[in-house]
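Data first, discussion second: the structure below is written as structure tokens.
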Amino acid sequence: MSKPQLLVTSALPYANGHIHLGHLVEYIQTDIWVRFQKLRGRRCIYICADDTHGTAIMIRARQEGVREEDLLARMHEAHTRDFAGFQIAFDHYGSTHCEENRQLCWEIWQSLRKAGMIYEEEVRQLYDAQAGTFLADRFVKGVCPNCRAPNQYGDSCDRCGHHYDPIDLIDPVSTLSGARPEVRTALHLFVDIEKQHAFLDQWTQNADHLQPEIANYLRGHFLGQPLRPWDVSRPAPYFGFEIPDSPGNYWYVWFDAPIGYMASTWQWCKKEGEDFDAWWASPDTHIYHFIGKDITYFHTLFWPAMLRVSRYQLPRRIQIHGFLTVNGEKMSKSKGTFILASTYLKYLDPAYLRYYYASKLTPRVDDLDLNFEDMAEKADADLVGKVVNLASRTARFVVSTGLASSWPDDGGLFAQTAADGIEIAEAYEACDFNRAMRLILAAADRANQYVERQEPWKLAKDPGQTEQLQKVCTVALNLFRQIAVYLAPVLPRLAEQTGRLLHRPIQHWDEAQKPLLGSPVRPFEHMLKRVDRQAISAMIDESRQPEEAVQASGSRTTVPSAKPVPAETAGAVTESGASVSSSPRWDDDEAALRAEPIAPQCTMEDFQKVDLRVARIVAAEDVPKAKKLLKLTLSLGGEHRRNVFAGVKGVYKPEELVGRLVILAANLAPRKMAFGTSEGMILAAGPGDGEIYLLSPDPGAKPGQRIH
RNA sequence: GGCGGCGUAGCUCAGUUGGUUAGAGCAGCGGAAUCAUAAUCCGCGUGUCCGGGGUUCGAGUCCCUGCGCCGCUACCA
């Protein structure tokens, strides 16, 4: 029998946000690998889906006043369109919110039960009475119980890397309402993953399942100690699947998300008349997961442990990539480098980005830097100047004659590039696309040198050299075709165009092994435009928004940020023009309001608890060790002074603050901070991160006056 | 400050288990050619492989340490 068939997945993007260039590192990487396998004749399917459950979706639907299902349908359509635009060719793109997933979750759940890995525990859980919900891990912050780092999320500490339960947090605060959550007792269900410790020791360290740096990381950070139980249930209200044998409780989104890989495959099987078990329950299928390094924990520990006790196959390999940075820094909305897939497609050809990512991707977990000038140079020099140019400079000479019918002497050039196919294939196979691209470009260099030596343009002027001209162009176009074959996983459209040019579609990797002879040649048509630098600028301008920087992860962020993800991005794609033109004088959009929705209602009494006062900044000094803090001395009139640390460093200079009037929250409890005690807070608007607007009273106000 | 990553030619980077005079592309300079989307071809690279120790017969490659940069995080009461 032939090699095992392949089932390949990319991480499921969360249905709470749009696809951006960071996500695309992963989808382009996976798509190239899948296309490579298919081109080699390997049976291979590429499966993905929207990740749809969890508190973040529930909260957002609530904010928008729509049903979760409507929100999901909208995002599914947008995601599908974005992926198609970048030529990401899924065999199926489903959703975790489907019957198949519910059934599979239930089945695996029962397997975990049977393996004795599920236990129940009454836990005291944090409940936000204002928001009317129990608080998901990422909606509560507090002090890490392990290292005492303040302001940590409920699931893990980013400072010490410790994973724990939200209930263990010290001084919890709800990020939904800002309220101090009350403690309520609730039944929770746990997976005792420690029962699989020995298995995971072995599985993660052996058989090339993981990159070595990942295996080391797991050994150093998790496997050296008992694995903590995993809290996999959430009490109502929660958007997800209710656990059949524990009514009122729902599976945590991270339980059903990876099972979504299976559910989506199942849907594909139904569509194609395939046997689901042949794909997930048979050793004749090799399963490959491509993910970003941020979700390593779930995919390399929980997921294998869950599968182990079920009747399903373990992944053959989990391929992990790093994050995307732009110009050496994380993507930033204010710098215009947080670019949505749909925005890119308005201005630039996806081929540029596909080739650029390919040329920079290695099998390592390193972060990848996107530099647009670099991308433009590479696309122009490599793709247009070297590759496409080969066809462009020779095809026209053989339109009337077609390719020669026998292979001329080419000095072994074709044979060399054919032989290179082995090494190039190895590079693709190992996800070392950088190496593959370099090998391919070397072949293009050799081909251009050949054309240069043979000078077909001179032969074309000599009627006696017609035959020689045909030979030279036959060689050149065959070398070009080999390159088009090797580049086909990265640049599918170039392969199609080459097929059209030479009247023979490219369908298999091995077509680079045998010259194409006697084929007619169409007149050359442009295959790829040079990069328009102005389009790059326009794209960045359109992407520039007064927003704080956003996580530049290459894969999904199932765990949402504490603030609801700004919804304005949805509008930017489909309806950005309309609202602008209807209000000529002020074009204020609702981005800010959506980014930070209005808090739950409070009473006048509540409001009056806060004593706001006019104050004058009488001194301001830099705090050298602080990144964001300035130390301000405020006067409330007379001798009344307050010492306040304000996070405005870099936005306001100390000297320009001295003398100005601000609004001070004067009766806040003093707060001990790293550099001293802060005795109040000055009021400011803006999202932060370079955008802060201090509030000032109109002229005439006096320090010490209260705001009513 | 904590955790993680990185530091190789002007720029972007290869150099995966330590082994001959450290490589490529781009940019630059000089030349050729004019078929091609001003694309192509030829020629030109002694860089303290961030610094300092160490292991080794031998280190860009391993260990320690210092410095610098990036990210997350903490200081935004």
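So that the names make sense, note that chain A is the first sequence line, chain B the second, and so on, each numbered from 1. Predicted model only: the values in this text are computed from it and were never measured. Side chains are part of it too, since the values below use all heavy atoms of this structure and drop only hydrogens, waters and symmetry mates.
- OP1 or OP2 of C35(B) sits under 4.0 Å from a side-chain N or O of Lys461(A).
- Side-chain rings of Trp33(A) and Phe433(A) stay apart, their centers remaining 6.0 Å or farther from each other.
- The P atoms of U16(B) and A22(B) are separated by 15 Å, rounded to the nearest whole Å.
- Scanning all heavy atoms of the two residues, the minimum distance from Val384(A) to Leu528(A) falls at CG2-O, 3.8 Å.
- A salt bridge (charged side-chain N to carboxylate O under 4.0 Å, His left out) check over residues 431-440 of chain A, counting only residues at least two apart or in different chains, returns the pairs Glu423(A)-Arg435(A).
- Taking the C1' atoms as reference points, G52(B) lies 15 Å from A59(B), given to the whole Å.
- Following rounding to the nearest Å, Leu459(A) (CG) and U34(B) (P) show an atom-to-atom distance of 13 Å.
- Enclosure of atom CD in Gln468(A) by more than 12 non-hydrogen atoms of other residues, nucleotides or ligands within 6.0 angstrom is indicated.
- Side chain of Arg533(A) to main chain of Val531(A): a donor-acceptor pair is present (N/O by atom type, distance under 3.5 Å, no hydrogens or angles).
- The residue Leu528(A) sits close to a base: some heavy atom pair falls under 4.0 Å.
- Taking atom CE of residue Met375(A) and atom P of nucleotide G25(B), one finds them 22 Å apart after rounding to whole Å.
- Residues Glu377(A) and Met527(A) both approach RNA chain B. Their nearest nucleotides, taken by heavy-atom distance, put Glu377(A) toward the 5′ side.
- Checked against ring-ring contact (aromatic ring centres under 6.0 Å, His included), Tyr450(A) has no partners two or more places apart in sequence or in another chain.
- A distance of about 30 Å separates the C1' atoms of U8(B) and G2(B), rounded to the whole Å.
- In the set A36(B), U37(B), U34(B), U37(B) carries the atom at the smallest distance from any side-chain atom of Val388(A).
- A 4.5 Å side-chain heavy-atom check between Asp349(A) and Arg493(A) finds at least one atom pair inside the cut-off.
- When the P atom is compared between C50(B) and A14(B), the two are found 14 Å apart, to the nearest whole Å.
- Nucleotides C72(B) and G30(B) place their C1' atoms 49 Å apart, quoted to the nearest Å.
- Comparing the P positions of A38(B) and G25(B) gives a spacing of 23 Å, expressed to the nearest Å.
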Please tabulate, for side-chain N and O atoms in residues 351-358 of chain A, each donor-acceptor pair with protein atoms closer than 3.5 Å (sequence neighbours left out).
from	atom 1	to	atom 2	distance (Å)
Tyr352(A)	OH	Lys529(A)	O	2.7
Tyr352(A)	OH	Arg530(A)	O	3.4
Arg354(A)	NE	Val490(A)	O	2.7
Arg354(A)	NH1	Asp31(A)	OD2	3.0
Arg354(A)	NH1	Phe86(A)	O	2.8
Arg354(A)	NH1	Gln87(A)	O	3.1
Arg354(A)	NH2	Asp31(A)	OD2	2.7
Arg354(A)	NH2	Pro489(A)	O	3.1
Tyr355(A)	OH	Asp382(A)	OD2	2.7
Tyr356(A)	OH	Lys360(A)	NZ	3.2
Tyr356(A)	OH	Asp369(A)	O	3.4
Tyr356(A)	OH	Asn371(A)	N	3.3
Tyr356(A)	OH	Asp374(A)	OD2	3.0
Tyr357(A)	OH	Leu21(A)	O	2.8

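- Per the geometry, CG belonging to Leu210(A) stands 17 Å off C1' belonging to U16(B), to the nearest Å.
- In this entry the distance linking CG of Asp382(A) with P of A27(B) reads 10 Å, nearest Å.
- By the neighbour-count criterion of 12 heavy atoms within 6.0 Å, atom CD of Glu467(A) is sparsely surrounded, having that number or fewer from other residues, nucleotides or ligands.
- Taking atom C1' in both G58(B) and G66(B), one finds a spacing of 26 Å when rounded to whole Å.
- The nearest whole Å value for the distance from the NZ atom in Lys458(A) to the C1' atom in C35(B) is 12 Å.
- In this structure, the side chains of Pro456(A) and Leu469(A) come closer than 4.5 Å at one or more pairs of heavy atoms.
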Under-3.5 Å N/O pairs linking protein and nucleotides 60-62 of chain B:
none

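- Across all strands shown, U17(B) forms no Watson-Crick or G-U wobble pair with both distances under 3.5 Å.
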Enumerate the protein-to-nucleotides 39-41 of chain B contacts in which both atoms are nitrogen or oxygen and the separation is below 3.5 Å.
from	atom 1	to	atom 2	distance (Å)
A39(B)	OP1	Arg530(A)	NH2	3.1
A39(B)	O5'	Arg530(A)	NH2	2.9
A39(B)	O2'	Gly385(A)	O	2.8
A39(B)	O2'	Asn389(A)	OD1	3.3
U40(B)	O2'	Arg393(A)	NH1	3.1
U40(B)	O2'	Glu452(A)	OE1	2.8
U40(B)	O2	Glu452(A)	OE2	3.3
C41(B)	O4'	Glu452(A)	OE1	3.4

Extract from the structure each pairing of a protein N or O with an N or O of nucleotides 11-14 of chain B at less than 3.5 Å, listing the distance.
from	atom 1	to	atom 2	distance (Å)
U12(B)	O3'	Lys360(A)	NZ	3.2
U12(B)	O2'	Lys360(A)	NZ	3.1
U12(B)	O2'	Asp374(A)	OD2	3.1
C13(B)	OP1	Lys360(A)	NZ	3.0
A14(B)	O2'	Arg438(A)	NH1	3.2
A14(B)	O2'	Arg438(A)	NH2	2.4

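- Taking a pair to require two hydrogen-bonding distances under 3.5 Å in either a Watson-Crick or a G-U wobble arrangement, G68(B) pairs with C6(B).
- Atom P of nucleotide U37(B) and atom CG of Asp349(A) are separated by 18 Å, given to the nearest angstrom.
- Taking atom CD of residue Glu455(A) and atom P of nucleotide C42(B), one finds them 13 Å apart after rounding to whole Å.
- Counting any heavy atom pair closer than 4.0 Å across all strands shown, Arg396(A) reaches sugar-phosphate atoms only and no base atom.
- Remark: P of U37(B) and NE2 of His526(A) are 5 Å apart, rounded to the nearest angstrom.
- Remark: C41(B) base-pairs with G31(B); criterion is Watson-Crick or G-U wobble with both hydrogen-bond distances under 3.5 Å.
- The closest donor-acceptor contact from the side chain of Ser696(A) to the backbone of Leu661(A) lies under 3.5 Å.
- Relative orientation of the His20(A) and Phe338(A) rings is tilted, given thresholds of 30° and 60° on the angle between their planes.
- When atom types are taken as modelled, the side chain of Asn434(A) and the backbone of Ser359(A) share a donor-acceptor pair closer than 3.5 angstrom.
- Remark: the separation of the P atoms in U17(B) and C63(B) is 13 Å, to the nearest Å.
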